[in-house]
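The block underneath contains the structure these notes are about, expressed in structure tokens.
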Amino acid sequence: MAVQNFEQIFQQKIDDDIRIEPKDWMPEKYRQTLIRQISQHAHSEIVGMLPEGSWISRAPSLKRKQILVAKVQDEAGHGLYLYSAAETLGISRDEMIEQLHSGKAKYSSIFNYPTITWADMGAIGWLVDGAAIMNQVPLCRASYGPYSRAMIRVCKEESFHQRQGFEALLVLSKGTAEQKAMVQDAIDRWWWPSIMMFGPHDAESSNSESSMKWKIKRFSNDELRQRFVDMIAEQVKLLGMTLPDPDLKWNEDTKHYDFGKINWEEFWNVVSGNGPCNKQRLDTRKKAWEEGVWVREAAAAHAEKRKQRVVVKEGIAA
Amino acid sequence: MNLFRKYYYGDYDSMKGNSGEPANTNDKSSGAPEWPLFEIFIRSKQGLDHKHVGSLHAADAQMAVENARDVYTRRQEGVSIWVVESKHIHASNPDEAESFYEPANDKVYRHPTFYDLPDEVDHM
């Protein structure tokens, strides 16, 4: 059968909402697009543990510490679900890690911003995880089976992340003047990077068209961003805080919030490696990987020893 | 000739045209091969089947079970875990699915709805 026929059958399946599974024929570009997107997503989960991890030892109470540990542990799990999904497409885990460390693979730029106060933990849960959920919910219906299954698992766990973040801010917003100021400051710093998480405007988004055709993406960057702005613009009122955008205004005609211009220069700067924490984040990951060599070796040696023990036992039994 | 090919879930080596053992790419920092891949099956409660939930790498089966507990049952999703090294799973070939499952297509009489019975017949 000609490749053309395979492509037709493949696209027909996609159009009929039949999921593509690992062993099915798929265009090489589809496979590559998925590997890039899923591995980037996995890297984001793993690097995303770092800004929050540094607050585990400084959480203001045992309760908040437990919550934060649980959340960071979830991110590790999400990274694993996604790495496994990417592996079904023919890339090994080590290759992906190598691509992250060499800078070939990207991760979400949001994690290149520093977390300087406790309120940042709340803002990350509410805004960053909120934006992530907005992106991720439609991915639960992505055309590639293992990806969609991983995303269903991720989304189930993610909603607690957003809720705990908002609740942490809510508590602070009812506190002292300093605590209130801390919340406003965190919102001011995280707002714009959060809405940049939806990626470039549709007109400038290079991968969007084929991803929509292949039902990897179901909504455009701008659509999702607008939904997010509409949602947060209302929620921020409950905190008694404001968003740092003088142009943010309800538009009676469109029934959406209008908002100001996004600073894309900053976005591309951070993507290309010049954000406040790019180097620090990657160095931390590389160090963890390199210093973990002995753990991996010890585990392998221990597994080997355990195997020998079983062999000996079976030998005696026989 | 490749009479018997292994098709398993995280099957990346056969895509590269090999068969048999998984392709262990060397990791550059330690030179050690990747830990083998395990498929994880979880029984969510007594009385239900174990169901495939995903996969993970582990040094051996015991580590796979422990890590599966940490990754897949953090919210009481399971009461029992099976792990199987991915290379031991054999599967039907999706390229042959049409002919492979074809024999069932024309046997409607295997379904209860095939039989037209008078309305008076109860409990059947």
Side-chain angles (χ1 to χ4, degrees), chain A residues 1 6 9 20-26 31 35 70 73-74 76-98 101-102 145-146 149-150 153 156-157 160 286-287 289-307 310, chain B residues 5-18 22-40 42 51-64 66-75 77 85-86 89 91-98:
Chain A
M1 218 181 333
F6 280 117
I9 296 168
I20 306 301
E21 294 295 342
K23 302 298 301 176
D24 297 346
W25 187 92
M26 59 186 89
R31 181 192 306 279
I35 287 179
Q73 197 186 13
D74 275 353
H78 297 175
L80 177 106
Y81 305 152
L82 289 159
Y83 280 132
S84 301
E87 280 172 88
T88 65
L89 289 158
I91 185 165
S92 74
R93 182 79 58 93
D94 282 347
E95 266 174 277
M96 285 186 272
I97 305 241
E98 166 61 25
H101 292 178
S102 70
R149 292 193 285 273
R153 213 166 273 285
K156 252 189 218 164
E157 300 183 352
F160 123 71
K286 279 190 257 185
K287 187 164 167 258
W289 179 252
E290 280 154 19
E291 292 183 355
V293 170
W294 73 269
V295 180
R296 297 194 290 280
E297 284 173 355
H302 186 61
E304 187 54 38
K305 207 167 94 183
R306 207 143 52 187
K307 204 162 88 188
V310 173
Chain B
R5 269 180 85 181
K6 284 178 176 175
Y7 287 100
Y8 47 86
Y9 185 72
D11 185 18
Y12 41 82
D13 59 291
S14 69
M15 288 174 186
K16 289 175 181 161
N18 312 320
N24 276 338
T25 42
N26 284 342
D27 96 59
K28 288 183 176 134
S29 54
S30 71
E34 263 182 9
W35 289 337
L37 191 65
F38 287 84
E39 301 302 324
I40 312 299
I42 305 238
K51 197 175 150 210
H52 184 250
V53 294
S55 51
L56 54 78
H57 290 274
D60 64 5
Q62 187 176 331
M63 186 182 189
E66 286 162 4
N67 289 357
R69 176 204 56 190
D70 291 345
V71 177
Y72 292 107
T73 67
R74 282 200 303 285
R75 290 176 175 79
E77 291 96 335
E85 223 183 302
S86 308
I89 291 186
S92 60
N93 183 350
D95 296 340
E96 290 158 10
E98 212 174 314

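All values reported here derive from a predicted model rather than from experimental measurement. Per chain, numbering begins at 1; letters A, B, ... match sequence-line order. All values below were derived from every heavy atom in this structure, side-chain atoms included, with hydrogens, water molecules and symmetry-related copies excluded.
- Between Asp60(B) and Lys307(A), no side-chain nitrogen of the basic residue sits less than 4.0 Å from a carboxylate oxygen of the acidic one, so the salt-bridge criterion is not met.
- Residue with the most contacts toward chain B among Leu80(A), Ile97(A), Asp24(A): Leu80(A) (heavy-atom pairs, distance under 4.5 Å).
- Side-chain atoms of Lys156(A) and Arg75(B), non-hydrogen and from C-beta on, never get closer than 4.5 Å to each other.
- The two atoms that bring Ala59(B) and Ala299(A) nearest to each other are CB-O, 3.6 Å, heavy atoms only.
- Put simply, CZ on Arg153(A) and CD on Glu77(B) are 7.5 Å apart, with the number rounded to the nearest 0.5 Å.
- Side-chain atoms of His302(A) and Met63(B), non-hydrogen and from C-beta on, never get closer than 4.5 Å to each other.
- In this structure, chain B has heavy atoms under 4.5 Å from both the backbone and the side chain of Gln73(A).
- A donor-acceptor contact shorter than 3.5 Å links the side chain of Glu34(B) to the backbone of Arg93(A).
- Between the side chain of Tyr81(A) and the main chain of Val71(B), a donor-acceptor pair closer than 3.5 Å is present.
- Side chain of Ser55(B) to backbone of Ser84(A): no donor-acceptor contact under 3.5 angstrom is found.
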